[in-house]
Amino acid sequence: MFSIPGKQAVSITDRAATQISKLMEKEGHSGLRIGVKKGGCAGMEYTMEYVETADPNDEVVEQDGARVLIAPMAQMFLFGTEIDYETSLLESGFKFNNPNVADACGCGESISFKGVDELAAERST
């Protein structure tokens with residue numbers, strides 16, 4: 001929906017691709033759908049769910065055995081995002097380095113996005 005020919009909607013680091021591949025293999029799923037929903041103190045939250053089949057409107061990104069599907073309603077907000085996987089002493093998890101985020105809450109669990117007009121202007125340059 002919001003794709004640019006020759007450019008993937010999101011990029012996946014090697015660490016994230018490895019983790020997504022492991023999860024897909026272990027759980028027997030064919031992909032991981034990412035999206036956004038209303039919630040959290042900043043207004044929006046990322047969502048992740050295992051899927052068996054792609055929706056016809058999903059944006060599909062595949063890399064090194066990892067298959068990420070971007071839900072149609074989230075494509076505008078996630079375009080240009082780098083998906084990483086970080087491990088530290090206290091926690092491990094996926095991290096979204098998203099250029100479309102205007103603000104995030106202190107705990108990093110919820111985000112707010114730039115205005116729709118602002119995002120559209122950036123895409124056209």
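Along the sequence shown, residues are numbered consecutively beginning with 1.
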- Item | side-chain contact (heavy atoms from CB on, under 4.5 Å) partner of Glu86, chosen from Lys95, Gln19, Glu91 | Lys95
- CD on Glu62 to OG on Ser21, rounded to 0.5 Å: 10.0 Å
- Measure across Asp58 and Arg33 and return the closest heavy-atom pair with its distance rounded to 0.1 Å. OD2-NH2, 2.7 Å
- Query: Counting only N and O atoms by type, is there a donor-acceptor contact under 3.5 Å from the side chain of Glu82 to the main-chain atoms of Asn97?
  - Reply: no
- Specify whether Phe94 and Tyr85 have parallel, tilted or perpendicular ring planes, treating 30° as the upper limit for parallel and 60° as the lower limit for perpendicular. perpendicular
- Task: Give, for atom CZ of Phe96 and atom CG of Asp84, the distance between the pair rounded to the nearest 0.5 Å.
- Result: 10.5 Å
- Query: Which is it for Glu49 and Ile34 under the side-chain contact (heavy atoms from CB on, under 4.5 Å) test, yes or no, and what are the steps along the way?
  - Reply: CA-CA 7 Å; Glu49 65 179 335; Ile34 59 173; over 6 Å; no
- Got a second to check how far Leu23's CG is from Ile20's CD1, nearest 0.5 Å? 8.0 Å
- Closest heavy-atom pair and its distance - Pro99, Gly80: CD-O, 3.4 Å
- dist Arg67:CZ -> Met24:CE (nearest 0.5 Å) comes out at 7.5 Å
- For Val101 and Tyr46 the tightest heavy-atom approach is CG2-OH, 3.7 Å
- Taking the side chain from Asn100 and the backbone from Phe79, do they hold a donor-acceptor pair closer than 3.5 Å? yes
- Item | Sequence neighbours excluded - ring-ring contact (aromatic ring centres under 6.0 Å, His included) pairs with any residue from residues 54-75 | none
- Message: Is it true that, when you exclude Glu52 itself, more than 12 heavy atoms of the residues, nucleotides or ligands shown sit nearer than 6.0 Å to its CD?
- Response: yes
- Could you please spell out the steps behind the side-chain contact (heavy atoms from CB on, under 4.5 Å) verdict for Ile12 and Val61? CA-CA 9 Å; Ile12 307 168; Val61 177; 3.9 Å; yes
- Members other than Val51 in its cluster, when Ile, Leu, Val, Met, Phe, Trp, Tyr link by side-chain heavy atoms under 4.5 Å? Val60, Leu69
- Item | Closest non-hydrogen atom pair, Thr87 against Ser92 | CG2-OG, 3.2 Å
- Message: Looking at every non-hydrogen atom in both residues, tell me the closest pair between Val36 and Met44 and how far apart they are.
- Response: CG2-CE, 3.7 Å
- How close do Asn57 and Pro72 get, heavy atom to heavy atom, and via which atoms? CB-CG, 3.6 Å
